[in-house]
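Every chain is numbered from 1 and lettered A, B, ... according to where its sequence line falls, protein lines coming before strand lines.
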Amino acid sequence: MSWTDEEVVPRVRSVAVTNDARPTSPVGIFWRSTIGKKAVMAVTGGVMLLYLLVHMLGNLKIFYGRESFDEYAHWLRTIGVPALHGAWFLWIMRALLLVAIVLHATTAYQLSRRDLKARPQKYAHRQRLEASYAVNTMRYGGIIIALFVIYHLLDFTTLTVNRHGVEGAAYDNIVSSFSVWWVTLFYIIAMLALGLHIHHGFWSAARTLGVHSAAREKNLKIAATVLAVLISAGFVTVPIAVLAGLVD
Amino acid sequence: MPETTSLGSGGSAYWTVGDDIADTAAPDGPIETRWDRRKFSAKLVNPANRRKHTVIVVGTGLAGGAAGATLAEQGYNVIQFCFQDSPRRAHSIAAQGGINAAKNYRNDGDSVYRLFYDTVKGGDFRARESNVYRLAQISTQIIDQCVAQGVPFAREYSGLLDTRSFGGVQVQRTFYARGQTGQQLLIGAYQALSRQIDAGNVEIHPRTEMLDLIVIDGRARGIVARDLVTGKITPYLADAVVLATGGYGNVFFLSTNAKGSNTTATWRAHRRGAHFANPCYTQIHPTCIPRSGEYQGKLTLMSESLRNDGRIWVPKTKGDTRSPDQIPEAERDYYLERIYPAFGNLVPRDIASRAAKYQCDDGRGVGPGGLGVYLDFADAIKRMGEDKVREKYGNLFEMYDRITGEDPYKVPMRIYPAVHYTMGGLWVDYDLQSSIPGMFVIGEANFSDHGANRLGASALMQGLADGYFVLPPMLGNYIASTKLGSVSLDDPAVTSVVGEVTGRLGRLLEINGDRTPDSFHRELGELIWDECGMGRTEAGLRKALARIPELREEFWRRVKVPGDSGELNQSLEKANRIADFLEFGELLCIDALHRAESCGGHFREESQTPDGEALRDDEHFAYAAAWEYTGGAPVLHREPLQFDYVHLAQRNYS
Amino acid sequence: MNLTLRIWRQRGPEDRGAMVTYELADVSPDMSFLEMLDVLNERLILEGEDPVAFDHDCREGICGMCGVVINGQAHGPRDRTTTCQLHMREFTDGETIDIEPWRAAAFPVVRDLVVDRSGFDRIIGSGGYISVVTGSAPEAHATPVPKDIADAAFDNATCIGCGACVAACPNGSAMLFTSAKVTHLNLLPQGAPERETRVRDMVATMDDEGFGGCTNTGECTVACPKGIPLTSIGNLNREYLRSLTRR
Ligand SMILES: Cc1cc2nc3c(=O)[nH]c(=O)nc-3n(C[C@H](O)[C@H](O)[C@H](O)COP(=O)(O)OP(=O)(O)OC[C@H]3O[C@@H](n4cnc5c(N)ncnc54)[C@H](O)[C@@H]3O)c2cc1C
Ligand code: HEM
Ligand code: HEM
Ligand code: SF4
Ligand code: F3S
Ligand code: FES
């Protein structure tokens with residue numbers, strides 16, 4: 001190390017961590033960042049939430065009787081006709097849902113891995129957590145919901161595991177499934193997981209998307225609770241009703 | 001010709017007197033234009049050439065942080081150090097009350113000239129007029145700079161900046177950010193510095209402590225520093241060295257300074273040839289939380305701003321043990337309001353501190369050991385309402401509550417004076433250059449512009465003025481006007497300093513005695529507080545001067561430093577700093593002994609007016625005392641002070 | 001008071017580390033937590049053992065240097081209080097106290113209770129500032145700032161960079177810290193020109209440093225000695241998403 005007026009000394013090197021692989025396009029930046037991924041989760045969660053709201057309301061039609069419900073199931077397949085061909089709407093919706101769930105699950109997986117890596121060691125003295133039941137229930141709850149959806153599709157959509165398994169006879173398919181106590185139990189557990197997921201998820205999504213503020217805090221919390229209760233209760237009434245013999 | 005001085009009967013030679021010195025860098029002529037003329041006459045470094053020059057900045061407080069950021073912006077290569085884990089934690093962060101500036105936003109008669117006048121007078125006529133005037137001029141630019149950086153100063157509903165008054169002045173010129181002004185200003189400087197670090201213009205070394213200075217051919221060319229994590233000792237070379245290492249208040253062990261604040265950098269530089277000026281000027285702050293027990297390691301300041309609205313009192317009867325709410329109005333003595341009606345609770349710090357000491361010495365003190373007086377907000381709460389008080393002082397009240405377990409909204413606070421700021425420091429000329437060419441000293445580390453006493457809210461102003469505005473052009477001038485040869489790491493001057501540093505740490509570890517480093521620090525601190533604290537006497541100082549060398553000798557015989565030097569070793573860091581305090585403490589007492597007058601923060605009991613006020617002796621002591629290190633008795637160089645604008649007068653605050 | 005202390009001891013980053021138990025007698029309730037550790041260390045030195053390394057400096061709750069996890073809580077049981085401002089009157093005689101360092105991948109342990117928080121500095125360096133070259137600032141009153149904005153900016157500016165938020169977060173996330181700085185500077189008119197680049201770059205650095213993402217758990221704000229609110233995280237998200245829609 002020696003400096004004279006004549007020599008040109010290279011500038012001191014930065015000690016900052018600069019990552020050359022940083023993307024420069026807005027989409028790249030967005031997808032790479034934790035906040036971006038969370039936003040994807042929030043939006044896809046929202047899409048699924050909307051679907052479930054409609055799905056739940058539709059399910060309640062079961063209380064109007066077999067005909068009414070089967071008609072509704074049929075209608076689902078033919079929405080948009082004649083503007084759209086046959087079951088196009090259904091397929092568009094399915095595609096959307098598929099994209100949503102894949103993105104949601106991928107980001108959930110990637111972020112969860114990252115989060116676990118960021119905090120590899122637990123405290124010897126168990127942390128007295130104020131609110132974080134939510135984190136674990138979100139992860140495990142999500143997995144329960146995923147398993148549920150798979151089973152559910154095999155049950156009612158492909159009818160692979162359905163005991164009745166008659167296409168077009170949605171009402172009877174449902175009744176047959178829920179007549180088995182453990183299937184019902186599984187559904188109920190899944191609905192509870194879903195309720196918890198939405199309870200934290202809705203409010204969390206509001207903050208993730210930045211629509212949350214101190215002034216709105218209370219209203220958002222109320223809305224999250226109402227939504228969660230509404231959806232899980234709405235769904236749960238069906239298997240309970242079947243089990244209780246109200247629907248048969 | 002140096003002459004040997006011995007004091008009184010049987011006095012031994014504590015120091016010798018050398019030639020007078022002068023501040024040759026200072027321009028003369030009209031004071032209003034001195035700084036402009038100095039800047040104009042300074043040589044400039046061509047922007048393209050600046051990147052060929054490297055500057056070491058030690059310290060990242062207001063002074064160092066501001067300097068590092070500014071020098072890097074201007075294009076110099078900066079290598080910067082601090083002993084904390086981040087530059088953001090320098091002790092400046094703890095400043096609470098505010099920062100002065102002659103903005104005159106209130107139209108209450110403030111001006112650059114008035115700030116200058118107040119500071120010279122407040123400093124008890126022991127500061128240089130030129131420097132103080134410059135400081136007052138720059139003060140307004142500081143506020144502009146900080147606001148642009150996003151420092152969230154308090155604002156009025158109009159959206160404009162709010163100001164308040166502070167001890168010792170009758171205008172409202174103090175800008176503040178709740179009770180966290182230092183924090184906000186430092187974060188501003190830290191952010192500017194971080195930007196330069198990220199841009200690669202500053203190489204930052206946190207958790208790295210400067211342990212010595214490298215002087216080659218009479219010029220400061222680098223430092224030797226220890227990486228506190230790995231223990232590695234490394235020399236760093238540069239074209240100039242800037243010390244911004246803060247004050248030495250911790251020589252008293254108990255002070256309001258951060259635990260790590262130390263004198264090592266300045267003391268080592270002193271040993272290498274830099275004059276140390278006015279070490280005895282220490283400021284005792286009147287509003288600290290009284291100490292609660294032996295184990296106590298640190299005192300906590302309550303901002304002086306509390307004196308704006310709080311009223312200070314003691315019971316009129318001695319040894320009154322009633323709880324404060326049981327003492328009726330008529331039996332309370334609001335002694336500051338009584339003795340100093342014009343300034344009341346807002347008299348300067350030294351006066352307020354001494355007044356509290358007298359009340360306590362007189363047996364009217366309150367709280368444990370009778371070492372405390374009340375600072376009462378009952379009237380303020382009645383006048384403004386609790387909410388307004390909370391808005392203004394909330395965080396201070398909270399802090400008091402946390403420490404004492406008492407709620408100051410209900411019970412008056414107890415306060416007692418404590419060491420807080422050190423006006424003394426390394427001697428520098430108008431350009432902020434020390435007596436070692438190429439070494440500049442800024443902020444609290446230099447013998448600042450505050451004379452014998454600093455006014456509240458002026459240290460932040462001085463640190464930032466030095467770092468942002470004064471040092472950069474003057475450092476450029478040095479570099480532009482000096483032909484600096486190249487130096488190499490193999491230079492014997494470098495290797496010998498590295499060897500000395502390593503050897504010293506090795507010796508500390510080898511002693512393996514039976515006393516902890518802290519026990520020595522505590523003992524030294526108590527001694528200096530007792531004999532060289534609020535009141536100083538010749539007899540007491542002699543006692544301290546007899547004891548310190550003994551203690552030092554004992555330290556090098558009995559200290560026990562566990563661990564190794566090649567690792568994070570906080571005991572070793574401490575012991576090394578204490579070793580320097582043990583040398584420095586002696587100079588502090590010698591300076592106090594030699595200055596047989598009272599002025600500002602230095603109160604010699606022998607020199608007081610009939611009513612107990614500090615009595616200056618301008619005939620004999622109107623100078624700054626710059627001490628030269630010799631290894632034996634230090635040599636005193638006097639820098640005579642001249643007062644052409646503010647006429648020498650006894651301070652009068654009644 | 002007599003206390004049993006279980007303290008995390010770890011010689012260096014490579015060492016495995018373990019909890020070690022110490023008995024400490026005659027602790028005064030008026031001591032601060034760090035003064036209690038000072039007393040322990042004095043004893044350890046005299047007994048020829050290595051004292052416990054811990055970070056601290058100002059001991060006034062403002063520098064952000066101190067910080068340990070006490071009984072599973074960052075900065076201990078008292079709300080809005082740093083470790084140095086915590087006093088032993090918060091504990092009871094005979095209690096066992098667990099003392100551990102901040103735990104997060106981005107804060108590797110240096111020794112005992114000391115961790116490396118330099119990641120925070122790099123987050124700030126990547127955008128947590130307003131670029132204003134010294135001397136180029138306009139007159140301070142040229143830009144009035146409405147009081148409510150100034151106050152909100154201030155609330156966020158009070159962050160001391162202690163890292164308790166990261167320590168408390170089950171994901172080791174630095175969102176609260178980053179959000180405080182982004183909120184402080186982006187609220188102010190002075191910070192507006194760099195509003196987008198600031199948040200984009202700071203978040204990128206935060207991610208690069210290995211901090212986890214935020215799952216809106218809310219532990220951070222509970223541990224924060226300065227009470228930085230969760231709404232700041234919402235604000236950070238908003239600022240970030242907004243920034244990607246502009247160039
Ligand atoms: C509690 C308190 C409250 C105060 N309130 C006010 C106020 O309201 N208004 C006001 O104007 N003033 C106030 N002051 C005074 C003011 O804060 C200080 O004088 C000023 O901040 C000092 O700044 P500085 O940059 O010189 O040093 P510091 O901020 O002390 O910085 C010193 C720097 O040097 C580094 N350092 C030191 N030694 C070494 C070494 N050997 N090696 C490497 N690095 C080293 C440190 O790491 C640090 O970065 C207050 C002081 C205290 C103690
Ligand atoms: C494949 C199954 C699913 C998995 C594995 C899963 C997992 C997760 C996880 C881990 C989170 C993050 C928790 C957090 O950030 O706090 C999350 C959030 C969320 N999930 Fe799911 N989930 C699944 C299905 C669903 C469904 C069916 C819905 C629709 C109701 C949904 C709605 C949400 C919402 C709204 C959020 C909040 C997003 C945010 O915080 O920004 N999820 N999910
Ligand atoms: C207990 C309550 C529920 C009942 C009775 C129920 C019933 C049904 C039925 C009958 C179908 C088949 C419709 C058809 O193909 O005609 C169906 C489809 C589906 N359900 Fe449910 N469901 C319930 C809960 C849920 C939940 C909680 C989810 C998601 C988390 C879900 C997701 C789906 C999906 C994705 C499909 C496939 C849609 C398609 O692509 O055709 N259901 N459900
Ligand atoms: S946000 Fe709070 S907890 Fe986090 S670093 Fe800042 S002050 Fe500490
Ligand atoms: S605790 Fe962690 S998950 Fe988010 S809300 Fe706080 S950063
Ligand atoms: S030591 Fe500074 S905040 Fe605790």
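Interatomic distance, OG of Ser86(B) versus CG of Asp55(C), reported as 11.0 Å (0.5 Å rounding). Interatomic distance, CD1 of Ile403(B) versus CZ of Arg59(C), reported as 12.0 Å (0.5 Å rounding). Atom CZ in Arg522(B) sits 6.5 Å away from atom CD in Glu42(C) (nearest 0.5 Å). Atom CG of Asp30(C) sits about 9.0 Å away from atom CD of Gln296(B), to the nearest 0.5 Å. Atom CD1 of residue Ile204(B) and atom CZ of residue Arg122(C) lie 12.0 Å apart, to the nearest 0.5 angstrom.
Per-residue counts of heavy-atom pairs under 4.5 Å with chain C were compared for Leu161(B), Val229(B), Ile143(B); the largest is that of Leu161(B). Comparing Asp50(C), Leu44(C), Thr81(C) by heavy-atom pairs within less than 4.5 Å of chain B, the highest count is held by Thr81(C). Ranking Ile142(B), Thr404(B), Asn569(B) against chain C, the residue ahead of the rest is Thr404(B), based on heavy-atom pairs under 4.5 Å. Taking Lys259(B), Gln570(B), Arg195(B) one by one and counting their heavy-atom pairs under 4.5 Å with chain C, the maximum is reached by Arg195(B). Chain B forms the most heavy-atom pairs under 4.5 Å with one residue out of Arg111(C), Lys181(C), His184(C), and that residue is Arg111(C). With chain B as the partner, the residue from Pro146(C), Gly191(C), Gly61(C), Gly135(C) showing the most heavy-atom pairs under 4.5 Å is Gly135(C). With chain B as partner, the option from Asp57(C), Asp116(C), Val110(C) having the largest number of non-hydrogen pairs under 4.5 angstrom is Asp57(C). For chain C, the option among Arg88(B), Lys103(B), Gln196(B), Gln84(B) with the highest count of heavy-atom pairs below 4.5 Å is Arg88(B). Contact tally against chain B (heavy-atom pairs below 4.5 Å) for Arg78(C), Arg89(C), Arg80(C), Glu90(C): the top residue is Arg89(C). Note on Glu156(B), Glu398(B), Gln141(B), Gln74(B): by heavy-atom pairs under 4.5 Å with chain C, the leading option is Glu156(B). Counting heavy-atom pairs closer than 4.5 Å to chain B, the top residue among Phe120(C), Tyr129(C), Phe154(C) is Phe154(C). Of the listed residues (Phe153(B), Tyr105(B), Tyr157(B), Tyr190(B)), the one with the most heavy-atom contacts under 4.5 Å to chain C is Tyr105(B).
Looking at Leu299(B), the atoms closer than 4.5 Å to chain C (heavy atoms on both sides) all sit in the backbone: N, CA, C or O. For Ala90(B), no part sits under 4.5 Å from any heavy atom of chain C, backbone or side chain. Of the two parts of Gln149(B), the backbone and the side chain both hold a non-hydrogen atom closer than 4.5 Å to a non-hydrogen atom of chain C. Contact annotation for Thr140(B): neither backbone nor side-chain heavy atoms come within less than 4.5 Å of a heavy atom of chain C. At a 4.5 Å heavy-atom cutoff, the contact between Ser571(B) and chain C is made by side-chain atoms alone. Only the side chain of Ser292(B) comes within contact range of chain C, judged by heavy atoms closer than 4.5 Å. Heavy-atom distances place the side chain of Arg207(B), and not its backbone, under 4.5 Å from chain C. The part of Glu391(B) that comes within reach of chain C is its side chain, from C-beta onward, which places non-hydrogen atoms under 4.5 angstrom from that chain. For a residue to count as touching a neighbouring chain, one of its non-hydrogen atoms must lie under 4.5 Å from one of that chain's; by this rule Gln180(B) touches chain C with the side chain only. Contact annotation for Ser131(C): both backbone and side-chain heavy atoms come within less than 4.5 Å of a heavy atom of chain B. Only the side chain of Ile187(B) comes within contact range of chain C, judged by heavy atoms closer than 4.5 Å. Both the backbone and the side chain of Asp151(C) come within less than 4.5 Å of a heavy atom in chain B. Neither the backbone nor the side chain of Val27(C) comes within less than 4.5 Å of any heavy atom in chain B. With a 4.5 angstrom heavy-atom cutoff, Gln145(B) touches chain C via backbone and side-chain atoms both. Using a 4.5 Å cut-off between heavy atoms, Asp514(B) touches chain C through its backbone atoms (N, CA, C, O) alone. Interface residue Gln96(B): only side-chain heavy atoms are found under 4.5 Å from chain C. Heavy-atom distances place both the backbone and the side chain of His141(C) under 4.5 Å from chain B. Interface residue Val133(C): backbone and side-chain heavy atoms are both found under 4.5 Å from chain B.
Open room surrounds CG on Asp26(C); 12 or fewer heavy atoms of other groups in view lie less than 6.0 Å from it. Few gaps surround CD on Glu47(C); more than 12 heavy atoms of other groups in view lie less than 6.0 Å from it.
Scanning both residues, Pro138(C) and Asp144(B), for their nearest heavy atoms gives O-CB, 3.4 Å. Minimum interatomic distance between Asp85(B) and Asp121(C) (heavy atoms only, all atoms of both residues): O-OD2, 4.0 Å. Residues Gly150(B) and Leu188(C) share a closest heavy-atom pair of O-CD1, 3.4 Å. Closest non-hydrogen pair, Val132(C) versus Ala148(B), comes out as CG2-CB, 3.8 Å. Between Gln183(B) and Thr158(C), the closest heavy-atom pair is NE2-O, 3.2 Å.
Here the side chains of Leu185(C) and Gln191(B) are in contact, with some heavy-atom distance below 4.5 Å. At a threshold of 4.5 Å between non-hydrogen side-chain atoms, the residues Met36(C) and Tyr295(B) do not count as touching. Leu46(C) places a side-chain heavy atom less than 4.5 Å from the side chain of Thr516(B). A 4.5 Å side-chain heavy-atom check between Arg89(B) and Ile62(C) finds every atom pair outside the cut-off. Two residues are said to be in side-chain contact when any heavy atoms from C-beta on lie closer than 4.5 Å; Thr134(C) and Glu73(B) meet this criterion. Using a 4.5 Å cut-off on side-chain heavy atoms (C-beta onward), Pro562(B) and Glu49(C) make no contact. Side chains of Asp155(C) and Arg178(B) form a contact here, defined as non-hydrogen atoms less than 4.5 Å apart.
Side chain of Glu35(C) to main chain of Gly297(B): a donor-acceptor pair is present (N/O by atom type, distance under 3.5 Å, no hydrogens or angles).
In the model, Asp198(B) has no side-chain atom that pairs as donor or acceptor with a side-chain atom of Ser126(C) under 3.5 Å.
The pair Glu60(C)-Lys298(B) meets the salt-bridge criterion, since a charged nitrogen lies less than 4.0 angstrom from a carboxylate oxygen.
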